[in-house]
Amino acid sequence: MRFTQLVTKTLREDPPEAETASHRLMLRAGLIYQVAAGVYAYLPLAWRSLRKIESIIREEMDAAGGQELMMPALQPRELWEQTGRAEAMGEVLFSMEDRRGRPMVLAPTHEEVVTSIVRANVQSYRDLPVILYQIQTKFRDEPRPRAGLVRVREFDMKDAYSFNADDDSLDDSYQAMAQAYRNIYRRCSLPVLMAEADSGAIGGKDSHEFLLSTPTGEDTVITCRSCGYTANAEKAEGIYPEQSAGPQLPLEEVDTPGLKTIAGLADFLNVPTSQTLKAVFYSADGEVVFVTVRGDLEVNEVKLKNNLHCNELRLATDEEVRNAGLVAGSASPIGITGMRRVADNSITQGSNFVVGANKPDTHFRNANYPRDFEVDLLTDIALAQPGQLCPLCRTPLEATRGVEVGHIFKLGTSYSEALGAMYLDQEGQQRPITMGCYGIGVGRLLAAAVEQNHDEKGIVFPAPIAPYQVHMVGLNMTDDSVAAVADKLYRDLWDQGIETLFDDRPDQAAGVKLNDADLMGLPIRLVVSPRNLRNDAVEMRGRTEDEATMVGLEGVTTAVREALLD
């Protein structure tokens, strides 16, 4: 491709709306174009990278026994109501009516349709197992699209679905897909973490995320250096620091004027934050819920939502708190009735806690569960934190940030039962098909690759997914001799199968062209200039190399091919 023909304009300055490195660099390098909030066009450079990622995905999915198909993005809402996901997805689900008034949705994923397809085509255990996949556009009406392609409202995804006779067969398919994912990321030169994860609105009993480590990632991953335990913070478990329980002392009311935070309260009363209990108020499907957790911990809202079995969970508003008769900053479950009370297991570790007295500027010392208060649900709702102990080997846990680039789920039989996808077993009995699903966000994978691979000059594309392998820069292209040599070299590279972007712009300064080459981040840069040609050579430099080398004209294609193999 010649730069003079490329539908791309690079930007000198960072776009003001860019939040992350990948968003900023993909806009500056002309990879994407924003059409609306959370809606992007892939420009030619990005599209070439995406096609390479898709090719790798297809090869690995086919090798794992997958069969590719294409399912409609537009689907009848009735299917989603049969599985209960129309309500579970809530406002994230794009909903509409056709001209006859029939309710339709734009699919964020395809469990319902693919289950219907298999229901119509699988009758016997002899027809199983089956793995179907597609690479297709999905739609989610995200309330806060952000970070370019990381969180968008329209996106390309590879989604695969396995159909099995039982849990043992599902385990085989699940492991095959997990290995296919590892192969995909390895071939894209992207090191990932495989972490235990929450299943969210997809459902299912087990799931794992694949995350690309980056400081600006949306997700926190909890890891154990000793045993390898890895889990998304939403799913992770940690063993709290030991909290000794002394003799229970009498409840004592104390004045705490103006104190509404745990840190301020602990400092005022000269106690550690672990000696306090924190009250947090949530709205669960419109119902105010009183949540209690030890003061040195945070509420894991995913765990809380799963335990409450609600569709929408958010912090209660100030008005909702007042209407419920609660005193923000001085609340505790002592004497609270008429609402659901949920507490973390941490309230049982320790004794004589400081808690709110449910009136302004007042707290209690020496509150103890269950002597002084009751809860309706006592369970694990705390967010695992670095420094806590690994649940498997008791080594201190660590944390890192990452971007989710893949997610796999064991769905079980919930979808097949809801939609009537049954098969006859060897005894002639009807049984629900056991399912798994497996997703990779293709655009998000590209954004994550840029997020992890860049420097102060621009993108540093991993070679397997770079739009082109070589960025050839022609300097002083108004010189006929330079233009002729550069043009011949460009054709020779393509004849040898080396994908080359040729910056043949006649009116741009050398500095602009070289800066654009660094910004776009292709693996190898070649510079054709009058000075180099006086030595019958061109300048070659890898994107991550500090020094360039001179290569004779006759040996350029060989040198490039060898560099690409390194």
Side-chain angles (χ1 to χ4, degrees), residues 1-10 29-31 42-56 58-59 187-189 446 449 453 458-508 510 512-533 535-545 548-566:
M1 171 58 65
R2 296 174 184 271
F3 216 111
T4 51
Q5 298 172 335
L6 184 66
V7 184
T8 287
K9 293 292 184 291
T10 56
L31 271 68
Y42 302 128
L43 300 184
L45 292 176
W47 187 240
R48 285 185 64 89
S49 282
L50 291 170
R51 293 293 295 271
K52 291 183 177 183
I53 293 171
E54 290 179 2
S55 178
I56 291 171
R58 284 189 169 95
E59 289 173 9
R187 291 182 59 188
C188 291
S189 296
L446 176 60
N453 297 278
I459 300 169
V460 182
F461 265 112
I465 62 173
Y468 295 92
Q469 297 165 305
V470 173
H471 194 135
M472 189 174 77
V473 177
L475 301 183
N476 197 4
M477 288 296 293
T478 56
D479 184 322
D480 290 342
S481 60
V482 174
V485 172
D487 189 72
K488 180 180 184 304
L489 180 56
Y490 170 67
R491 287 184 278 108
D492 288 345
L493 288 165
W494 273 104
D495 288 344
Q496 293 297 316
I498 298 171
E499 301 169 342
T500 304
L501 175 63
F502 176 21
D503 191 343
D504 60 339
R505 292 176 291 179
D507 54 349
Q508 291 291 349
V512 171
K513 291 187 173 187
L514 296 177
N515 287 338
D516 280 347
D518 284 335
L519 174 62
M520 292 178 171
L522 303 185
I524 294 174
R525 188 186 75 188
L526 298 176
V527 178
V528 182
S529 68
R531 185 180 63 179
N532 294 338
L533 291 183
N535 298 311
D536 290 324
V538 300
E539 180 185 286
M540 185 174 86
R541 181 172 72 86
R543 177 60 179 81
T544 58
E545 295 174 354
T549 58
M550 301 303 294
V551 180
L553 285 174
E554 298 302 321
V556 172
T557 56
T558 299
V560 168
R561 189 179 296 107
E562 290 175 353
L564 291 170
L565 292 175
D566 288 345

Quick check for you: to the nearest 0.5 Å, what is the distance between [X] atom [atom1] and [Y] atom [atom2]?
X      : Y      : atom1 : atom2 : result
Arg48  : Met1   : CZ    : CE    : 7.5 Å
Asp516 : His471 : CG    : NE2   : 7.0 Å
Leu526 : Met540 : CG    : CE    : 7.0 Å
Ile459 : Asn453 : CD1   : CG    : 10.0 Å
Phe3   : Met472 : CZ    : CE    : 13.0 Å
Asn515 : Thr10  : CG    : OG1   : 9.5 Å

Worked verdict on Lys488 versus Asp492 for salt bridge (Lys or Arg N to Asp or Glu O under 4.0 Å):
CA-CA 6 Å; Lys488 180 180 184 304; Asp492 288 345; 2.9 Å; yes
May I ask you to decide if [Y]'s main-chain N or O and [X]'s side chain share a donor-acceptor pair within less than 3.5 Å?
X      : Y      : result
Lys52  : Pro464 : no
Ser49  : Ile465 : yes
Arg543 : Met520 : no
Asn532 : Val527 : yes
Arg541 : Glu545 : yes

Is it the case that over 12 heavy atoms from other parts of the model lie below 6.0 angstrom from the CZ atom of Arg531?
no
Less than 4.5 Å apart, side chain to side chain, heavy atoms only: is that true for [X] and [Y]?
X      : Y      : result
Leu31  : Pro467 : no
Asp487 : Arg2   : yes
Thr557 : Leu493 : yes
Leu533 : Val528 : yes

For a salt bridge (Lys or Arg N to Asp or Glu O under 4.0 Å) check, start with the C-alpha distance between Asp503 and Arg525, then their side-chain angles and the critical distance, and finish with the verdict.
CA-CA 11 Å; Asp503 191 343; Arg525 188 186 75 188; over 6 Å; no
Mind listing the closest non-hydrogen atom pair of [X] and [Y] along with its distance?
X      : Y      : value
Leu475 : Lys513 : CD2-CD, 4.3 Å
Gly30  : Thr8   : O-OG1, 3.3 Å
Trp494 : Thr500 : NE1-O, 3.1 Å
Leu564 : Pro523 : CD2-CB, 4.3 Å
Val482 : Pro530 : CG2-CG, 3.6 Å

Which of parallel (below 30°), tilted (30 to 60°) and perpendicular (above 60°) describes Phe502 and Tyr490?
tilted
Starting from the C-alpha separation in whole Å, work towards a yes-or-no answer on side chain to side chain contact (heavy atoms under 4.5 Å, CB included) for Leu522 and Val470.
CA-CA 6 Å; Leu522 303 185; Val470 173; over 6 Å; no
Of Ile498, Leu501, Ile524, which is the lone residue that meets side chain to side chain contact (heavy atoms under 4.5 Å, CB included) with Tyr468?
Leu501
